[in-house]
Amino acid sequence: MFDETCTVNTEKADFIREAEIVALLREGEVATPEEVRAVIERSGRARGLSLREVAMLLGVEDETLIQEMFAVARQIKDQIYGKRVVLFAPLYISNYCVNNCGYCGYRAGNRFARRKLTQRELADEVAILENMGHKRIALEAGEHPDECPLEYVLEAIQTVYAVRNNQGSIRRINVNIAATGEEEYARLKASGIGTYILFQETYHRGMYAKMHPSGPKADYDWHTTAHDRAMRAGLDDVGIGVLFGLYDYAFETLALFQHARHLESEFGVGPHTVSVPRLKPASGINPEQFPHRVSDREFMKVVAIIRLALPYTGMILSTRENVSLRTRLLDVGISQISAGSCTGVGGYKKEAMNEQRDGEVPQFNVEDRRSPDEVLADVCRYGYLPSFCTACYRTGRTGERFMALAKAGEIQNVCQPNAILTFREYLLDYGTPETRLIGEQTLREHLARIPNVHIRRLTEERLGQIERGERDLSF
């Protein structure tokens with residue numbers, strides 16, 4: 001993956017302006033309750049917020065004002081996304097890595113038996129994921145020029161798309177691999193991926209240097225400008241994210257908005273998704289030793305603020321978090337969640353075969369160990385509609401086109417019906433009797449919420465087609 005020619009980077013991440021962040025956060029700390037309420041009220045118009053307004057919200061400690069933020073965040077999420085939750089699973093293909101990141105179980109300094117999946121092993125992992133009902137995955141790999149070159153990743157993408165297990169298929173692969181060059185991103189685009197995702201981990205240069213003492217990822221500018229290269233190469237759906245807990249969460253959140261604003265200014269559209277992983281235990285990693293840990297209350301506030309400030313951006317939550325918190329975060333902004341996740345290479349087959357996992361080193365520890373079926377049933381009980389929809393990127397509704405439809409409110413005409421169709425597929429092909437029972441009730445309720453009578457009737461017709469054995473129908 002890493003090319004030695006990439007070590008010399010001419011791009012500078014000058015869009016992350018630390019002095020401006022510090023000044024705005026100081027101003028935000030002295031904002032009056034009236035000023036904060038005015039910002040919360042403006043955010044309800046779903047037009048986004050300025051950096052100064054975000055800083056004011058980050059400075060809020062009053063519980064009443066925080067609850068008001070939560071209420072408006074819930075309103076915006078329902079307005080734009082409806083009561084839908086997109087499901088996915090991570091798929092780790094290699095844990096070889098030349099970086100020495102201070103928060104990661106895969107770091108080069110960790111001594112354990114490294115491995116990568118053969119294409120046959122990969123196909124087995126995919127078949128297991130398909131048998132769980134998954135339609136979209138996040139492909140993950142460490143950075144290693146010899147063991148995990150781009151050619152290996154591209155071959156893995158072809159293998160994943162080629163696997164068919166009964167009615168199952170993976171219809172969208174989002175890719176989370178190391179920063180690379182425009183030519184390499186163009187090849188990823190040609191391979192048919194969905195979103196290219198790369199976490200910043202920390203935007204603070206000093207902390208970034210401390211957390212990345214060696215390896216190609218140590219180059220802050222090369223890493224932070226990766227999304228620019230990806231978008232210039234044609235990958236118009238990109239995802240950004242911070243590993244909350246490495247540095248002050250208020251600083252990281254405001255820097256994340258600087259990054260989002262930069263992408264929108266340069267390319268006409270900001271990030272398609274924002275991921276919000278939080279520092280968790282891993283091999284050799286004790287979060288208690290990190291001074292900037294983020295509490296549940298602070299974490300919920302951050303998620304709500306991101307939803308208020310970036311209303312049309314998808315928000316992704318992993319199984320790092322426990323069941324209770326994951327459920328509560330659905331109400332304040334999260335729109336995509338992983339389910340049934342394994343964060344080790346070959347982990348799905350080991351779980352399916354009830355094999356001992358001795359010696360396996362996951363990238364991080366998983367707290368939500370429910371099966372996908374259990375997650376789906378709980379999502380329904382909480383009033384949400386599970387979705388396996390992948391239609392947007394497959395029909396070209398990406399980048400500016402997606403955002404234009406979202407901001408016009410027209411995306412609801414396809415997202416709600418497609419969620420219903422894909423969930424019906426799941427219930428028929430994979431659902432347990434208990435999940436089918438609550439799932440059918442959920443489908444009836446959400447079908448009735450489609451406002452356009454014509455689209456509702458078309459959805460009913462296609463539900464009948466799915467009942468008769470057709471699959472992969474969409475609007």
Side-chain angles (χ1 to χ4, degrees), residues 1-24 51 97-104 106-108 141-145 148-150 175-189 195-244 246-249 251-275 277 292:
M1 179 60 56
F2 172 64
D3 185 339
E4 288 296 334
T5 61
C6 295
T7 58
V8 179
N9 179 39
T10 58
E11 292 184 276
K12 296 295 181 184
D14 53 7
F15 48 87
I16 304 299
R17 301 176 296 277
E18 293 190 6
E20 178 186 33
I21 292 172
V22 172
L24 288 173
L51 291 170
C97 196
V98 294
N99 294 306
N100 214 13
C101 308
Y103 45 81
C104 181
Y106 287 176
R107 69 187 187 277
E143 183 172 10
H144 198 289
C148 191
L150 182 62
V175 174
N176 183 357
I177 59 172
T180 187
E182 282 188 49
E183 181 180 341
E184 289 75 19
Y185 285 130
R187 295 176 67 188
L188 273 179
K189 170 72 174 179
T195 303
Y196 171 67
I197 299 170
L198 184 67
F199 300 161
Q200 180 61 27
E201 321 299 1
T202 174
Y203 283 100
H204 187 269
R205 279 185 181 267
M207 183 58 71
Y208 188 94
K210 182 179 180 180
M211 289 292 105
H212 305 94
S214 62
K217 195 171 179 176
D219 187 337
Y220 179 98
D221 291 296
W222 173 253
H223 186 84
T224 313
T225 56
H227 300 86
D228 291 64
R229 295 189 296 279
M231 295 185 84
R232 287 199 298 266
L235 284 165
D236 49 2
D237 277 1
V238 300
I240 63 177
V242 168
L243 180 56
F244 285 100
L246 296 183
Y247 193 66
D248 175 69
Y249 76 86
F251 178 97
E252 302 285 25
T253 305
L254 209 54
L256 183 145
F257 285 114
Q258 284 186 341
H259 196 174
R261 283 291 188 85
H262 163 74
L263 293 176
E264 187 162 11
S265 173
E266 289 293 312
F267 303 101
V269 61
H272 185 69
T273 58
V274 170
S275 297
H292 298 286

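Please read these numbers as outputs of a predicted model, since none were measured by experiment.
When all heavy atoms of Ala230 and Val238 are compared, the closest pair comes out as CB-CG1, 4.3 Å. Taking every heavy atom of both residues into account, Tyr196 and Ala178 meet most closely at OH-O, 3.4 Å. Between Pro271 and Ile240, the closest heavy-atom pair is CG-CD1, 3.8 Å. For the pair Ala13 and Tyr220, the tightest heavy-atom approach, listed with the atom from each and the gap, is CB-CE2, 3.9 Å. Between Asp228 and Phe267, the shortest heavy-atom contact is O-CZ, 3.5 Å. The two residues Pro216 and Glu143 make their nearest non-hydrogen contact at CG-OE2, 3.3 Å.
In this structure, Phe199 and Ser275 have side chains that are in contact, with non-hydrogen atoms separated by less than 4.5 Å. Side-chain atoms of Val242 and Tyr249, non-hydrogen and from C-beta on, never get closer than 4.5 Å to each other. You'll find the side chain of Thr224 reaches within 4.5 Å of the side chain of Gln200, heavy atoms only. Leu254 has its side chain out of reach of Glu20: every pair of non-hydrogen atoms, C-beta onward, lies at least 4.5 Å apart. Between His259 and His227 the shortest side-chain heavy-atom distance falls below 4.5 Å.
Donor-acceptor pairing under 3.5 Å is lacking for the side chains of Arg261 and Ser265.
Between the CD atom of Glu184 and the CD1 atom of Ile177 there is a distance of 9.0 Å, given to the nearest 0.5 Å. Going from atom CD1 of Ile16 over to atom CD1 of Ile21 covers 6.0 Å, rounded to the nearest 0.5 Å. The CZ atom of Arg107 lies 11.0 Å from the SG atom of Cys97; values are rounded to the nearest 0.5 Å. We find the CD-CG distance between Gln258 and Leu263 to be 12.0 Å, quoted to the nearest 0.5 Å. The CG atom of Leu246 lies 12.5 Å from the OH atom of Tyr203; values are rounded to the nearest 0.5 Å. The CE atom of Met211 sits 12.0 Å away from the SG atom of Cys104 when rounded to the nearest 0.5 Å.
With sequence neighbours excluded, the residues forming a side chain to side chain contact (heavy atoms under 4.5 Å, CB included) with Arg187 are Leu150, Glu151, Leu154, listed by chain and number. Residues satisfying the ring-ring contact (aromatic ring centres under 6.0 Å, His included) criterion with Phe251, sequence neighbours excluded, are His204, Tyr247.
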Begin from the C-alpha positions of Thr202 and His292 and carry the test side-chain contact (heavy atoms from CB on, under 4.5 Å) through to its verdict.
CA-CA 11 Å; Thr202 174; His292 298 286; over 6 Å; no
Intermediate values then yes/no, side-chain contact (heavy atoms from CB on, under 4.5 Å), Phe15 and Thr225
CA-CA 9 Å; Phe15 48 87; Thr225 56; 4.2 Å; yes
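Results of the salt bridge (Lys or Arg N to Asp or Glu O under 4.0 Å) test with Arg229 over Glu182, Glu183, Glu11 single out Glu11 as the only residue that passes. Between His272 and the choices Thr195, Asp236, Ile197, the side chain to side chain contact (heavy atoms under 4.5 Å, CB included) rule is met once, by Thr195.
Each salt bridge (charged side-chain N to carboxylate O under 4.0 Å, His left out) pair with one or both residues in residues 205-218, not counting sequence neighbours, appears once here: Glu201-Lys217, Arg205-Asp221.
Within 6.0 Å of CD on Glu266 lie more than 12 heavy atoms contributed by other residues, nucleotides or ligands.
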